[in-house]
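Each chain gets a letter, A, B and so on, in the order the sequences are listed, and its residues count up from 1.
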Number of protein chains: 2
Amino acid sequence: MNQSGHIADLLGKQGYRLTPQRLMVVSAIENSDDHISAEEIYSQVVARYPNVNISTVYRTLELLKRLSLVTETDLEGGRVRYHPADKGHHHHLVCQECGAIIDLDESLLEPLQDALLREHNFIADLRHLAIHGRCVRCGR
Amino acid sequence: MNQSGHIADLLGKQGYRLTPQRLMVVSAIENSDDHISAEEIYSQVVARYPNVNISTVYRTLELLKRLSLVTETDLEGGRVRYHPADKGHHHHLVCQECGAIIDLDESLLEPLQDALLREHNFIADLRHLAIHGRCVRCGR
DNA sequence: GTTGTAAATGCAAGTGCTTGCATTTATATT
DNA sequence: AATATAAATGCAAGCACTTGCATTTACAAC
Ligand SMILES: [Zn+2]
Ligand SMILES: [Zn+2]
Ligand SMILES: [Zn+2]
Ligand SMILES: [Zn+2]
């Protein structure tokens, strides 16, 4: 799972063009150990391909989200962050006061996901959630 | 609970100035039957107070959020929507494909909120959540 | 009622992200 | 290899929202 080239292969198989811009965006996401922002992806790509435009980065991210290949999560800090969908399933608690981030196991939201499917016929996308609130130190 | 003037009273008691702009933003939110956007609030206010600036609307919303007097929810459609915090507790399921919105009872997230407090000492703000995904008709 | 003050506002510029449109290009077909 | 074509890109403008700063103003103190 998630060997290098995984996402690019899937894009190709589904008929999407493997442009250099796309391949570089994909590899920035796959090679990041962490949650990467659009701006960070852009600066990696532009270093090797100087006339790429940031709108191409955003459009590629949009495509990857639509195909469920990456997840987008709001970890605060004014920009959203991206992560390969099949790598390290988990969630986060984000303190709105101090920015602290607590990691959560994916199992915590499974009961909710099941209940929403069963009781409301809704396929909730709870693959990489950020739950906002206050940590114990900032508690209200 | 939530009689007219409720929010304004609380602002006054906490030492915030009751400017005409603030009072009008507050009353737009309190008198809305639904989830209201910043733009909608602004156009109500500007109709009676023509030189108000939209940044004042946003700053007032920021204050009301911080004081837990209103909740902010992303119901899709490119702009976030606001609701009095003490009025009609509930959540939403939002279909990313067709935009359908299913209303949920607040009780659905109580077990999660309790578990996060107990197991992670985290006070999750789950007062008015939008859970994104696909409705049964758009199901993947 | 005047005066003093910090708080709030208006304005303009900035940020993150999106979109319409003309141009370029990956890929299929010959 | 040359050609055709829809898909993808670059560019510039636009949108929702934020921010720094100078000006105004609600409210308290006299
Ligand atoms: Zn994560
Ligand atoms: Zn905190
Ligand atoms: Zn609601
Ligand atoms: Zn749907």
Encode nucleotides 23-30 of chain D as B, S and - characters from 5' to 3', where the letter depends on protein heavy atoms closer than 4.0 Å: B to the base, S only to sugar-phosphate, - to neither.
-> --BBS---

For A:D33, look at atom CG and say whether over 12 heavy atoms of other residues, nucleotides or ligands are found less than 6.0 Å away.
->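 Incorrect, the count does not exceed 12.
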
Using distance alone, with no hydrogens and no angle criterion, decide if [X] and [Y] have a side-chain donor and acceptor under 3.5 Å apart.
| X | Y | result |
| --- | --- | --- |
| B:E30 | B:H6 | no |
| B:S32 | B:D34 | no |
| A:T71 | A:H83 | no |
| B:D103 | B:H92 | yes |

Should A:E62 and A:K65 count as an ion pair when the cut-off is N to O under 4.0 Å?
->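 Yes, this pair counts.
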
Do A:E40 and A:R81 meet the salt-bridge criterion of a basic N to acidic O distance under 4.0 Å?
->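 A:E40 and A:R81: salt-bridged.
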
Position toward the 5' end of DNA chain D (nearest nucleotide), A:N51 or B:A38 |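 By nearest-heavy-atom nucleotide position, the 5'-most residue is A:N51.
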
Atom [atom1] of [X] to atom [atom2] of [N]: distance rounded to whole Å?
| X | N | atom1 | atom2 | result |
| --- | --- | --- | --- | --- |
| B:R66 | C:dA8 | CZ | C1' | 13 Å |
| B:L23 | C:dA8 | CG | P | 12 Å |
| A:Q14 | C:dT27 | CD | P | 15 Å |
| A:Y42 | D:dG10 | OH | P | 9 Å |
| A:R22 | C:dT24 | CZ | P | 19 Å |
| B:N53 | D:dC21 | CG | P | 17 Å |

Please work out which residues in residues 54-64 of chain A have a non-hydrogen atom less than 4.0 Å from an atom of DNA chain D and list them by number.
->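 Close to the strand are A:S55, A:T56, A:R59.
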
Which hydrophobic side chains are connected to B:L116, either touching it within the sub-4.5 Å cutoff or through other members that do?
->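 B:L116 shares its hydrophobic cluster with A:L93, A:I102, A:L104, A:L108, A:L109, A:L112, A:L116, A:F122, A:L126, A:L129, A:I131, B:L93, B:I102, B:L104, B:L108, B:L109, B:L112, B:F122, B:L126, B:L129, B:I131.
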
